[in-house]
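Ligands are counted one by one from 1 in listed order, and the atoms in each one are counted from 1 as well.
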Amino acid sequence: MAKAEKIIVTGGAGYIGSHTVVALVESGFEPVIVDDFSNADHKVHERLETITGKNLALYEGDCNDMDFMQEVIEKEGSITGIIHFAAFKAVGESVEKPLAYYKNNIGSLLVLLELMQRYAIDNFVFSSSCTVYGQPDKLPVTEDTPKKPAESPYGNTKQVCEEIIEDFVKSAGQFKAISLRYFNPIGAHPSSLIGELPLGIPSNLVPFVTQTAAGLREKLVVFGDDYDTTDGTCIRDYIHVVDLAKAHVKAISFIQESQKAKLYEVFNLGTGKGNSVLEVIKTFETVTGEQLNYEIGPRRSGDVEQVYASVDKSNEILGWQAELDLAQALKDAWNWQKTL
Ligand code: UD1
(Lines give C-alpha, C1' and ligand atoms only; values in the text may rest on other atoms or scores of the structure.)
Protein backbone atom coordinates (compact mmCIF):
# COMPACT_ATOMS: atom_id res chain seq x y z
CA MET A 1 0.00 0.00 0.00
CA ALA A 2 1.69 3.20 -1.14
CA LYS A 3 -0.83 5.64 0.30
CA ALA A 4 -3.16 4.69 3.15
CA GLU A 5 -6.43 3.43 1.74
CA LYS A 6 -9.49 5.17 3.10
CA ILE A 7 -12.17 2.86 4.40
CA ILE A 8 -15.53 4.06 5.75
CA VAL A 9 -16.46 2.22 8.93
CA THR A 10 -20.15 2.66 9.68
CA GLY A 11 -20.81 2.08 13.36
CA GLY A 12 -17.10 2.78 13.88
CA ALA A 13 -17.69 4.00 17.44
CA GLY A 14 -19.61 0.85 18.37
CA TYR A 15 -18.33 -2.31 19.99
CA ILE A 16 -16.92 -4.30 17.07
CA GLY A 17 -16.55 -1.22 14.86
CA SER A 18 -14.23 0.57 17.28
CA HIS A 19 -11.94 -2.44 17.62
CA THR A 20 -11.87 -2.72 13.84
CA VAL A 21 -10.85 0.93 13.54
CA VAL A 22 -7.81 0.11 15.68
CA ALA A 23 -6.99 -2.97 13.60
CA LEU A 24 -7.29 -0.97 10.37
CA VAL A 25 -4.88 1.69 11.58
CA GLU A 26 -2.45 -0.99 12.77
CA SER A 27 -2.47 -2.41 9.23
CA GLY A 28 -1.88 0.95 7.55
CA PHE A 29 -5.44 1.81 6.50
CA GLU A 30 -7.12 5.15 7.11
CA PRO A 31 -10.51 4.51 8.67
CA VAL A 32 -13.26 7.11 8.32
CA ILE A 33 -15.70 6.66 11.18
CA VAL A 34 -19.43 7.18 10.62
CA ASP A 35 -21.67 6.77 13.66
CA ASP A 36 -24.91 8.30 14.88
CA PHE A 37 -24.00 7.54 18.52
CA SER A 38 -27.40 5.97 19.13
CA ASN A 39 -25.57 3.06 20.78
CA ALA A 40 -22.06 4.39 21.31
CA ASP A 41 -20.32 6.88 23.55
CA HIS A 42 -18.79 10.11 22.27
CA LYS A 43 -15.66 9.34 24.32
CA VAL A 44 -14.85 6.45 21.98
CA HIS A 45 -13.45 8.77 19.31
CA GLU A 46 -10.78 10.35 21.51
CA ARG A 47 -9.97 6.97 23.01
CA LEU A 48 -9.42 5.55 19.54
CA GLU A 49 -7.09 8.45 18.85
CA THR A 50 -5.23 7.68 22.08
CA ILE A 51 -4.86 4.00 21.21
CA THR A 52 -3.82 4.59 17.61
CA GLY A 53 -1.90 7.85 18.04
CA LYS A 54 -3.65 9.20 14.92
CA ASN A 55 -6.24 11.83 14.14
CA LEU A 56 -9.27 9.91 12.99
CA ALA A 57 -11.96 11.33 10.73
CA LEU A 58 -15.39 11.15 12.33
CA TYR A 59 -18.79 11.99 10.86
CA GLU A 60 -21.76 11.99 13.20
CA GLY A 61 -24.92 10.95 11.43
CA ASP A 62 -27.19 8.17 10.28
CA CYS A 63 -26.08 6.00 7.39
CA ASN A 64 -29.73 5.66 6.38
CA ASP A 65 -29.49 9.28 5.34
CA MET A 66 -28.46 9.33 1.69
CA ASP A 67 -27.56 13.05 1.62
CA PHE A 68 -25.41 12.72 4.72
CA MET A 69 -23.57 9.67 3.42
CA GLN A 70 -23.05 11.32 0.04
CA GLU A 71 -21.52 14.30 1.80
CA VAL A 72 -19.13 12.01 3.71
CA ILE A 73 -18.00 10.33 0.50
CA GLU A 74 -17.59 13.61 -1.37
CA LYS A 75 -15.74 15.34 1.44
CA GLU A 76 -13.35 12.47 2.00
CA GLY A 77 -12.78 11.58 -1.66
CA SER A 78 -10.91 8.42 -2.72
CA ILE A 79 -12.81 6.02 -0.47
CA THR A 80 -11.85 2.50 -1.54
CA GLY A 81 -14.12 0.41 0.66
CA ILE A 82 -16.85 0.33 3.26
CA ILE A 83 -17.12 -1.91 6.32
CA HIS A 84 -20.72 -1.76 7.45
CA PHE A 85 -21.38 -2.41 11.16
CA ALA A 86 -24.09 0.13 11.91
CA ALA A 87 -27.28 -1.75 12.73
CA PHE A 88 -29.78 -2.47 15.46
CA LYS A 89 -28.84 -5.75 17.15
CA ALA A 90 -31.13 -6.57 20.07
CA VAL A 91 -32.94 -9.80 19.31
CA GLY A 92 -35.79 -9.24 21.82
CA GLU A 93 -36.35 -5.63 20.82
CA SER A 94 -36.58 -6.66 17.17
CA VAL A 95 -39.60 -8.80 18.00
CA GLU A 96 -41.32 -5.77 19.53
CA LYS A 97 -40.24 -3.30 16.84
CA PRO A 98 -39.85 -5.26 13.62
CA LEU A 99 -40.48 -2.29 11.34
CA ALA A 100 -37.76 -0.24 13.01
CA TYR A 101 -35.36 -3.15 12.48
CA TYR A 102 -36.24 -3.69 8.83
CA LYS A 103 -36.17 0.02 8.11
CA ASN A 104 -32.84 0.65 9.82
CA ASN A 105 -30.87 -2.47 8.97
CA ILE A 106 -32.06 -2.95 5.42
CA GLY A 107 -32.50 0.75 4.65
CA SER A 108 -28.90 1.59 5.52
CA LEU A 109 -27.59 -1.25 3.39
CA LEU A 110 -29.58 -0.02 0.38
CA VAL A 111 -28.29 3.52 0.83
CA LEU A 112 -24.70 2.33 1.00
CA LEU A 113 -24.93 0.02 -2.01
CA GLU A 114 -26.56 2.71 -4.11
CA LEU A 115 -23.83 5.19 -3.22
CA MET A 116 -21.10 2.63 -3.78
CA GLN A 117 -22.46 2.08 -7.26
CA ARG A 118 -22.67 5.81 -7.93
CA TYR A 119 -19.14 6.52 -6.71
CA ALA A 120 -17.57 3.27 -7.97
CA ILE A 121 -16.53 2.13 -4.49
CA ASP A 122 -16.05 -1.55 -5.11
CA ASN A 123 -15.14 -3.22 -1.82
CA PHE A 124 -17.71 -4.00 0.84
CA VAL A 125 -17.59 -5.97 4.09
CA PHE A 126 -20.84 -6.69 5.90
CA SER A 127 -21.45 -7.66 9.54
CA SER A 128 -23.55 -10.77 9.54
CA SER A 129 -24.22 -13.33 12.22
CA CYS A 130 -24.25 -17.04 12.95
CA THR A 131 -27.91 -16.48 13.70
CA VAL A 132 -28.51 -17.20 9.99
CA TYR A 133 -27.81 -20.90 10.71
CA GLY A 134 -30.40 -21.32 13.49
CA GLN A 135 -29.81 -24.71 15.16
CA PRO A 136 -27.67 -26.45 12.56
CA ASP A 137 -28.04 -30.18 11.98
CA LYS A 138 -24.29 -30.75 11.95
CA LEU A 139 -21.53 -29.22 14.04
CA PRO A 140 -19.20 -27.45 13.58
CA VAL A 141 -21.12 -25.23 11.19
CA THR A 142 -19.55 -24.63 7.79
CA GLU A 143 -20.46 -21.71 5.56
CA ASP A 144 -22.41 -23.90 3.17
CA THR A 145 -24.73 -25.14 5.91
CA PRO A 146 -28.24 -24.27 4.74
CA LYS A 147 -29.77 -21.26 6.45
CA LYS A 148 -32.72 -21.89 8.72
CA PRO A 149 -35.78 -19.64 8.89
CA ALA A 150 -34.82 -16.69 11.10
CA GLU A 151 -35.91 -16.82 14.75
CA SER A 152 -36.36 -13.05 14.99
CA PRO A 153 -36.77 -9.96 12.82
CA TYR A 154 -33.17 -9.11 13.75
CA GLY A 155 -31.98 -12.45 12.41
CA ASN A 156 -34.10 -11.99 9.34
CA THR A 157 -32.49 -8.63 8.59
CA LYS A 158 -29.11 -10.40 8.50
CA GLN A 159 -30.43 -13.04 6.11
CA VAL A 160 -32.15 -10.53 3.85
CA CYS A 161 -29.12 -8.23 3.82
CA GLU A 162 -26.87 -11.12 2.79
CA GLU A 163 -29.26 -11.91 -0.07
CA ILE A 164 -29.43 -8.30 -1.19
CA ILE A 165 -25.63 -8.09 -1.28
CA GLU A 166 -25.40 -11.33 -3.25
CA ASP A 167 -27.94 -10.11 -5.81
CA PHE A 168 -26.19 -6.78 -6.08
CA VAL A 169 -22.80 -8.41 -6.65
CA LYS A 170 -24.25 -10.42 -9.54
CA SER A 171 -25.61 -7.29 -11.18
CA ALA A 172 -22.67 -4.97 -10.68
CA GLY A 173 -19.48 -4.74 -12.72
CA GLN A 174 -16.48 -4.61 -10.39
CA PHE A 175 -18.25 -4.78 -7.06
CA LYS A 176 -16.87 -7.28 -4.51
CA ALA A 177 -18.29 -8.14 -1.13
CA ILE A 178 -17.82 -10.34 1.90
CA SER A 179 -20.31 -11.15 4.65
CA LEU A 180 -18.71 -12.09 7.95
CA ARG A 181 -20.82 -14.32 10.15
CA TYR A 182 -19.85 -13.61 13.74
CA PHE A 183 -20.34 -16.18 16.42
CA ASN A 184 -20.37 -14.66 19.94
CA PRO A 185 -18.07 -11.62 20.19
CA ILE A 186 -16.82 -10.91 23.71
CA GLY A 187 -13.88 -9.22 25.45
CA ALA A 188 -12.40 -5.77 25.07
CA HIS A 189 -9.25 -4.02 23.92
CA PRO A 190 -6.26 -4.82 26.21
CA SER A 191 -5.87 -1.08 26.93
CA SER A 192 -9.33 -1.15 28.58
CA LEU A 193 -10.05 2.11 26.75
CA ILE A 194 -12.74 0.61 24.52
CA GLY A 195 -15.16 -2.27 25.00
CA GLU A 196 -18.81 -3.19 24.99
CA LEU A 197 -21.26 -0.61 26.34
CA PRO A 198 -24.66 -2.29 26.49
CA LEU A 199 -27.67 0.01 26.73
CA GLY A 200 -29.75 -0.76 29.81
CA ILE A 201 -29.91 -4.33 31.08
CA PRO A 202 -27.63 -6.49 28.94
CA SER A 203 -29.22 -9.42 27.17
CA ASN A 204 -25.89 -10.98 26.22
CA LEU A 205 -24.12 -13.33 28.59
CA VAL A 206 -20.69 -11.78 29.15
CA PRO A 207 -21.79 -8.19 29.86
CA PHE A 208 -24.33 -9.66 32.27
CA VAL A 209 -21.60 -11.70 33.93
CA THR A 210 -19.24 -8.73 34.33
CA GLN A 211 -22.02 -6.42 35.56
CA THR A 212 -23.08 -9.02 38.12
CA ALA A 213 -19.51 -9.44 39.35
CA ALA A 214 -19.27 -5.64 39.58
CA GLY A 215 -22.37 -5.57 41.78
CA LEU A 216 -24.54 -3.77 39.21
CA ARG A 217 -26.85 -6.81 38.84
CA GLU A 218 -27.90 -8.99 41.69
CA LYS A 219 -27.45 -12.33 39.99
CA LEU A 220 -27.01 -14.02 36.68
CA VAL A 221 -29.69 -16.43 35.57
CA VAL A 222 -28.40 -19.34 33.51
CA PHE A 223 -31.07 -19.96 30.89
CA GLY A 224 -31.64 -23.70 31.24
CA ASP A 225 -29.49 -26.65 32.28
CA ASP A 226 -31.55 -29.39 30.68
CA TYR A 227 -30.12 -29.17 27.17
CA ASP A 228 -28.53 -32.18 25.55
CA THR A 229 -24.96 -30.94 26.18
CA THR A 230 -22.14 -32.06 28.51
CA ASP A 231 -23.34 -30.01 31.49
CA GLY A 232 -26.87 -29.26 30.26
CA THR A 233 -26.25 -25.58 29.45
CA CYS A 234 -26.12 -24.08 25.95
CA ILE A 235 -22.92 -24.07 23.95
CA ARG A 236 -21.61 -21.12 21.94
CA ASP A 237 -18.41 -20.14 20.19
CA TYR A 238 -17.07 -17.08 22.05
CA ILE A 239 -14.64 -15.05 19.98
CA HIS A 240 -12.42 -12.24 21.27
CA VAL A 241 -13.42 -8.93 19.71
CA VAL A 242 -9.77 -8.10 18.95
CA ASP A 243 -9.47 -11.27 16.86
CA LEU A 244 -12.77 -10.49 15.20
CA ALA A 245 -11.59 -6.98 14.35
CA LYS A 246 -8.46 -8.34 12.67
CA ALA A 247 -10.59 -10.56 10.46
CA HIS A 248 -12.20 -7.44 8.97
CA VAL A 249 -8.80 -6.17 7.90
CA LYS A 250 -8.06 -9.53 6.31
CA ALA A 251 -11.44 -9.45 4.55
CA ILE A 252 -11.13 -5.95 3.13
CA SER A 253 -7.52 -6.65 2.06
CA PHE A 254 -8.58 -9.91 0.44
CA ILE A 255 -11.27 -8.35 -1.72
CA GLN A 256 -9.15 -5.33 -2.59
CA GLU A 257 -6.36 -7.57 -3.77
CA SER A 258 -8.58 -10.04 -5.59
CA GLN A 259 -8.73 -9.63 -9.34
CA LYS A 260 -12.03 -11.46 -9.49
CA ALA A 261 -15.00 -9.27 -10.34
CA LYS A 262 -18.41 -10.17 -8.91
CA LEU A 263 -16.74 -11.74 -5.90
CA TYR A 264 -19.06 -12.62 -3.05
CA GLU A 265 -18.01 -14.82 -0.15
CA VAL A 266 -19.24 -15.54 3.35
CA PHE A 267 -16.94 -16.46 6.22
CA ASN A 268 -17.52 -17.75 9.72
CA LEU A 269 -15.68 -15.90 12.45
CA GLY A 270 -15.36 -17.93 15.60
CA THR A 271 -12.72 -19.91 17.45
CA GLY A 272 -13.99 -23.27 16.24
CA LYS A 273 -14.49 -24.29 19.86
CA GLY A 274 -17.75 -24.45 21.80
CA ASN A 275 -18.07 -23.53 25.47
CA SER A 276 -21.06 -24.00 27.73
CA VAL A 277 -22.57 -21.24 29.85
CA LEU A 278 -21.24 -22.95 32.99
CA GLU A 279 -17.76 -23.15 31.47
CA VAL A 280 -17.89 -19.41 30.82
CA ILE A 281 -18.87 -18.79 34.44
CA LYS A 282 -16.15 -21.09 35.82
CA THR A 283 -13.48 -19.62 33.57
CA PHE A 284 -14.54 -16.12 34.54
CA GLU A 285 -14.26 -17.00 38.22
CA THR A 286 -10.85 -18.60 37.74
CA VAL A 287 -9.25 -15.79 35.74
CA THR A 288 -10.68 -12.92 37.80
CA GLY A 289 -10.79 -14.46 41.26
CA GLU A 290 -14.36 -13.14 41.56
CA GLN A 291 -17.22 -15.23 42.87
CA LEU A 292 -20.23 -14.98 40.59
CA ASN A 293 -23.74 -15.01 42.02
CA TYR A 294 -25.78 -17.15 39.64
CA GLU A 295 -28.69 -19.54 39.59
CA ILE A 296 -30.19 -21.91 37.09
CA GLY A 297 -33.42 -20.63 35.55
CA PRO A 298 -35.75 -21.72 32.77
CA ARG A 299 -34.74 -21.84 29.13
CA ARG A 300 -34.93 -18.59 27.16
CA SER A 301 -37.23 -18.93 24.20
CA GLY A 302 -35.51 -18.85 20.84
CA ASP A 303 -32.14 -20.06 22.18
CA VAL A 304 -30.43 -22.73 20.13
CA GLU A 305 -28.88 -25.62 22.03
CA GLN A 306 -25.41 -25.45 20.58
CA VAL A 307 -23.58 -23.75 17.79
CA TYR A 308 -19.89 -23.36 17.02
CA ALA A 309 -18.00 -22.56 13.88
CA SER A 310 -15.92 -24.41 11.40
CA VAL A 311 -13.26 -21.81 10.69
CA ASP A 312 -11.39 -23.74 8.00
CA LYS A 313 -12.56 -21.44 5.21
CA SER A 314 -11.54 -18.23 7.01
CA ASN A 315 -8.24 -19.84 7.84
CA GLU A 316 -7.51 -21.08 4.32
CA ILE A 317 -8.80 -18.16 2.27
CA LEU A 318 -8.40 -15.14 4.53
CA GLY A 319 -5.39 -16.50 6.39
CA TRP A 320 -7.13 -15.65 9.64
CA GLN A 321 -7.63 -17.53 12.85
CA ALA A 322 -8.44 -16.62 16.43
CA GLU A 323 -5.36 -16.17 18.59
CA LEU A 324 -6.89 -15.26 21.94
CA ASP A 325 -8.77 -17.75 24.10
CA LEU A 326 -11.85 -17.60 26.31
CA ALA A 327 -9.81 -16.93 29.46
CA GLN A 328 -8.11 -13.91 27.87
CA ALA A 329 -11.39 -12.57 26.54
CA LEU A 330 -13.06 -12.83 29.94
CA LYS A 331 -10.08 -11.20 31.64
CA ASP A 332 -10.21 -8.31 29.17
CA ALA A 333 -14.00 -7.99 29.56
CA TRP A 334 -13.56 -7.78 33.33
CA ASN A 335 -10.73 -5.22 33.14
CA TRP A 336 -12.96 -3.12 30.90
CA GLN A 337 -15.95 -3.49 33.24
CA LYS A 338 -13.84 -2.22 36.13
CA THR A 339 -13.26 1.08 34.30
CA LEU A 340 -16.98 1.78 33.90
C1 UD1 B 1 -27.74 -13.87 20.07
C2 UD1 B 1 -27.93 -14.16 18.63
C3 UD1 B 1 -26.84 -13.55 17.80
C4 UD1 B 1 -26.79 -12.09 18.03
C5 UD1 B 1 -26.55 -11.84 19.49
C6 UD1 B 1 -26.59 -10.36 19.66
C7 UD1 B 1 -28.99 -16.25 18.12
C8 UD1 B 1 -28.82 -17.72 17.98
N9 UD1 B 1 -27.90 -15.58 18.42
O10 UD1 B 1 -26.64 -14.66 20.50
O11 UD1 B 1 -27.06 -13.74 16.45
O12 UD1 B 1 -25.76 -11.51 17.27
O13 UD1 B 1 -27.57 -12.49 20.26
O14 UD1 B 1 -27.23 -9.92 20.78
O15 UD1 B 1 -30.06 -15.69 17.99
N16 UD1 B 1 -27.36 -16.67 28.67
C17 UD1 B 1 -27.69 -16.96 29.99
N18 UD1 B 1 -28.04 -15.92 30.81
C19 UD1 B 1 -28.05 -14.63 30.40
C20 UD1 B 1 -27.70 -14.34 29.05
C21 UD1 B 1 -27.36 -15.39 28.22
O22 UD1 B 1 -27.69 -18.11 30.41
O23 UD1 B 1 -28.41 -13.73 31.19
C24 UD1 B 1 -26.96 -17.78 27.78
C25 UD1 B 1 -27.86 -17.94 26.58
O26 UD1 B 1 -28.91 -18.83 26.87
C27 UD1 B 1 -26.87 -18.50 25.56
C28 UD1 B 1 -25.54 -17.89 25.93
O29 UD1 B 1 -25.69 -17.45 27.28
O30 UD1 B 1 -26.76 -19.88 25.71
C31 UD1 B 1 -25.16 -16.72 25.06
O32 UD1 B 1 -26.25 -15.82 25.00
P33 UD1 B 1 -26.14 -14.39 24.32
O34 UD1 B 1 -24.92 -13.70 24.80
O35 UD1 B 1 -27.45 -13.69 24.50
O36 UD1 B 1 -25.88 -14.69 22.79
P37 UD1 B 1 -26.71 -15.59 21.77
O38 UD1 B 1 -28.09 -15.79 22.21
O39 UD1 B 1 -25.90 -16.79 21.49
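- Using a 4.0 Å heavy-atom cutoff, Y238 is listed among the residues neighbouring ligand 1.
- Heavy atoms of K89 found under 4.0 angstrom from ligand 1 belong exclusively to the backbone.
- For the pair F254 and I178, the minimum side-chain heavy-atom distance is below 4.5 Å.
- Under the 30°/60° scheme for interplanar angles, the aromatic rings of W334 and F284 are found to stand perpendicular.
- Polar contact with ligand 1: absent for V222 (N/O pair, distance under 3.5 Å).
- Using a 4.5 Å cut-off on side-chain heavy atoms (C-beta onward), Y133 and F183 make contact.
- The backbone and the side chain of L205 each have at least one atom closer than 4.0 Å to an atom of ligand 1 (non-hydrogen atoms only).
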Which donor-acceptor pairs under 3.5 Å do the side chains of residues 224-234 make with protein atoms, sequence neighbours left out?
unit_1	atom_1	unit_2	atom_2	d
D226	OD1	R299	NE	2.9
T229	OG1	G232	N	3.0
T229	OG1	T233	N	3.2
T229	OG1	T233	O	2.7
D231	OD1	T233	N	2.9
D231	OD1	T233	OG1	2.7
D231	OD2	S276	OG	2.6
T233	OG1	V277	N	3.2
T233	OG1	L278	N	3.4

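- Between F175 and F168, the two ring planes are perpendicular [angle over 60°; tilted spans 30° to 60°].
- K313 has no carboxylate O lying under 4.0 Å from a charged side-chain N of E143, or vice versa, which leaves the two without a salt bridge.
- A heavy-atom distance below 4.5 Å is not found between the side chains of D137 and T145.
- Distances between N or O atoms of V304 and those of ligand 1 include no value under 3.5 Å.
- Nearest non-hydrogen protein atom to atom 2 (C) of ligand 1 is V91 CG2, 4.2 Å.
- Scanning all protein heavy atoms for the shortest distance to atom 27 (C) of ligand 1 gives R236 NH2, 3.8 Å.
- Heavy atoms of V221 found under 4.0 angstrom from ligand 1 belong exclusively to the backbone.
- Residue, atom and distance of the protein heavy atom nearest to atom 10 (O) of ligand 1 are N184 ND2, 3.9 Å.
- Ligand 1 has at least one atom lying under 4.0 Å from a heavy atom of Y154.
- Close placement of the H248 and Y182 rings is indicated, their centers lying within 6.0 Å of each other.
- With K246 contributing its side chain and A23 its backbone, the two residues share no donor-acceptor pair below 3.5 Å.
- By the 30° and 60° cut-offs, the orientation of the rings of F126 relative to F124 is parallel.
- Of all protein heavy atoms, the one closest to atom 11 (O) of ligand 1 is S129 OG, 2.7 Å.
- Comparing heavy-atom distances from atom 17 (C) of ligand 1 across Y227, F223, F183 singles out F223 as nearest.
- With no hydrogens or angles considered, no side-chain donor-acceptor pair links Y154 and E93 at under 3.5 Å.
- Of all the heavy atoms of N204, the ones lying under 4.0 Å from any atom of ligand 1 are found in both the backbone and the side chain.
- Nearest to atom 30 (O) of ligand 1 among the protein's heavy atoms is C234 CB, 3.0 Å.
- By the criterion of a heavy-atom distance under 4.0 Å, neither the backbone nor the side chain of I235 is placed next to ligand 1.
- Counting only N and O atoms by type, the side chains of Y308 and T271 include no donor and acceptor under 3.5 Å apart.
- Of the protein's non-hydrogen atoms, the one nearest atom 26 (O) of ligand 1 is D303 OD2, 2.6 Å.
- Within the 4.0 Å heavy-atom criterion, neither part of A90 lies near ligand 1.
- For R300, the closest heavy-atom approach to ligand 1 falls below 4.0 Å.
- Looking only at heavy atoms of the protein, atom 7 (C) of ligand 1 is closest to T131 OG1, 3.7 Å.
- Using a 4.0 angstrom heavy-atom cutoff, G155 does not count as in contact with ligand 1.
- Remark: minimum distance from atom 24 (C) of ligand 1 to any protein heavy atom is reached at V277 CG2, 3.8 Å.
- Under 4.0 Å is where a charged nitrogen must lie from a carboxylate oxygen, and between K331 and D325 no such pair does.
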